[in-house]
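The structure appears below as structure tokens.
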Amino acid sequence: MLLPEKDGKDTAVVVKQRDAEATLSGPYAAAKLTTAGPQAYRSSEDEVKVLFGAAMAARPERPTEFTLYFIEGKNELTDESKQIVKDVFAEIAKRPVPDVVVIGHTDAVGTHQVNDPLSKQRAEFIRTGLIESGIAPENIIAFGRGKRELFVLTEDGVAHPRNRRVVIFVR
Amino acid sequence: MTRLARGLLYPLIAALAVLVGPSASAAEIGQIKIAKGEVTIERKGETTPAKVGTRLETADVLRTGADGSIGITMADNSLLSAGPNSILSLDKFDYDPTTNQGKFDARLQKGSLAVISGRMAKQSPDAMTVRTPSAILGVRGTEFAVSVND
């Protein structure tokens, strides 16, 4: 069954049982498997509690996301972003077994061949800084997404400072 | 140190850095964040108690006892948690973090499972499936739960 979405977006699950299929969408959309195939029905908060209360109570905390920006043309964070690094450490301190993911991004200028290594380099720069500040190396990974995930959607080839960034997930 | 020795050593150091760097965690696909009651992990035929902090690998099988539950975070930010008397297999997890492409197949043999899908399912429909003994769930990027009755 589908659980109500935190952000209220439209999503779905397709349930396939042999040749029969049911598409679930919307909060509490659910299907029971029967000999006649999946039977769709609308579940409820109460049923979710009974069936999935224990599973949901064991759900890990969602990753917290932070975004850091660089001073134009420099391998240095903006003053605002330096402050955010403090929040990253505060979040890490809150979690029982924290692990950190650092994802570098570029703007839409240049090819993947140029931007993929550049974004990785940006992420590694931050990873190194976080390790120097006390995060165990085995608990932090870095990679780059190049120009595949623009924060501000632009045409290809357009420079944009908000796209040159590093996103950190603390999990 | 002679210039020649230095020339030989530096590539070696670089190679070592690669070995102990990201590739050291390449086999890891997720981590146990929450473990309550009796929970075990079966890997390559060996079953050990599952502890908070344990790193997960493809083909791991997680089991919870009558008082057990477990919560895991996968590399692509998927969150999976299983209630009591559950068997959850992480059959396949191939993830390219640069493109967010890949495939995640989990299998709930019994018990209950709550899922918040991650970056792979967001990138491409059909990247994630959850199998039960009699059905296949295709995930379109969502929060859902599934249970298997004995």
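Residue numbers start from 1 in every chain, and the chains themselves are labelled A, B, ... in the order their sequence lines are given, proteins ahead of strands.
When A/Pro60, A/Ser25, A/Ser119 are compared by the number of non-hydrogen pairs under 4.5 Å with chain B, A/Pro60 comes out ahead. With respect to chain A, the highest number of heavy-atom pairs below 4.5 Å among B/Leu80, B/Ile72, B/Thr99 belongs to B/Thr99. For chain A, the option among B/Val130, B/Ile34, B/Asp96, B/Ile70 with the highest count of heavy-atom pairs below 4.5 Å is B/Ile34. Contact tally against chain A (heavy-atom pairs below 4.5 Å) for B/Ala121, B/Pro97, B/Pro84, B/Gly83: the top residue is B/Pro97. Of the residues considered (B/Val139, B/Thr132, B/Ile32, B/Thr73), B/Thr73 shows the highest number of contacts with chain A, using heavy-atom pairs under 4.5 Å.
With sequence neighbours excluded, no residue satisfies salt bridge (charged side-chain N to carboxylate O under 4.0 Å, His left out) with A/Asp87.
Using a distance-only test at 3.5 Å, with no hydrogens or angles considered, a donor-acceptor pair links the side chain of B/Ser81 to the main chain of A/Ala55. One N or O on the side chain of B/Lys33 and one on the backbone of A/Val97 form a donor-acceptor pair closer than 3.5 Å.
Checked for salt-bridge contact, B/Lys122 and A/Glu149 miss the test: no charged N lies under 4.0 Å from a carboxylate O. Here A/Arg62 pairs with B/Glu143 in a salt bridge; the nearest charged N to carboxylate O distance falls below 4.0 Å.
Both A/Phe125 and A/Leu130 are members of a single hydrophobic cluster when ILVMFWY side chains are connected at heavy-atom separations under 4.5 Å. Residues B/Ile87 and B/Ile41 fall into different hydrophobic clusters, defined by Ile, Leu, Val, Met, Phe, Trp and Tyr side chains chained together at heavy-atom separations under 4.5 Å. Clustering ILVMFWY residues whenever any of their side-chain heavy atoms sit less than 4.5 angstrom apart, transitively, puts A/Phe52 in the very cluster that holds A/Tyr28. B/Phe93 and B/Val61 fall into different hydrophobic clusters, defined by Ile, Leu, Val, Met, Phe, Trp and Tyr side-chain heavy atoms under 4.5 Å apart, directly or through other members. Cluster membership check: A/Ile135 shares its hydrophobic cluster with A/Leu77, using side-chain heavy-atom separations under 4.5 Å among Ile, Leu, Val, Met, Phe, Trp and Tyr.
By the 4.5 Å heavy-atom criterion applied to side chains, A/Arg145 and B/Arg119 are counted as neighbours. Residues A/Pro63 and B/Leu79 meet the side-chain proximity criterion, which asks for heavy atoms closer than 4.5 Å. Between A/Val13 and B/Arg140, every side-chain heavy-atom pair lies at or beyond the 4.5 Å cut-off.
Contacts of A/Leu33 with chain B are made by side-chain atoms alone, with heavy-atom separations under 4.5 Å and no backbone atom involved. Contacts between B/Val115 and chain A at a heavy-atom distance below 4.5 Å involve the backbone alone (N, CA, C, O). With a threshold of 4.5 angstrom between heavy atoms, B/Ala82 approaches chain A through N, CA, C or O but not through any side-chain atom. Looking at B/Ser117, there are no atoms closer than 4.5 Å to chain A (heavy atoms on both sides), in backbone or side chain. If you measure heavy-atom distances from A/Ala57 to chain B, the contacts under 4.5 Å come from both the backbone and the side chain. Residue B/Arg131 does not touch chain A at all, counting heavy-atom pairs closer than 4.5 Å. Both the backbone and the side chain of A/Arg59 come within contact range of chain B, judged by heavy atoms closer than 4.5 Å. For chain A, the nearby parts of B/Asn100 are the backbone and the side chain; heavy atoms of each come within less than 4.5 Å. Within the 4.5 angstrom heavy-atom criterion, atoms from both the backbone and the side chain of B/Val52 approach chain A. Contacts of B/Ile136 with chain A are made by both backbone and side-chain atoms, with heavy-atom separations under 4.5 Å.
Chain B is approached within less than 4.5 Å, heavy atom to heavy atom, by A/Pro98, A/Asp99, A/Ile103 from residues 98-113 of chain A, ordered by number. Residue-level contacts of residues 156-171 of chain A with chain B, in order of numbering, are A/Phe169, A/Arg171; threshold 4.5 Å between heavy atoms. Inspection of non-hydrogen atoms places no residue of residues 36-48 of chain A under 4.5 Å from chain B.
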Using the side-chain contact (heavy atoms from CB on, under 4.5 Å) rule, take A/Lys16 and B/Leu137 through it: C-alpha gap first, then chi angles, then the decisive distance, then the call.
CA-CA 6 Å; A/Lys16 279 186 199 158; B/Leu137 280 66; over 6 Å; no
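Across all non-hydrogen atoms, the minimal contact from B/Phe144 to A/Leu2 is CB-CD2, 3.8 Å.
Note: A/Met56 CE to B/Ser69 OG = 13.0 Å, rounded to the nearest 0.5 Å.
Counted within 6.0 Å of CZ on A/Phe151, heavy atoms from surrounding residues, nucleotides or ligands total 12 or fewer; the atom is thus considered open. Within 6.0 Å of atom NZ in B/Lys51, 12 or fewer heavy atoms from other residues, nucleotides or ligands are found, so the atom counts as exposed in its surroundings.
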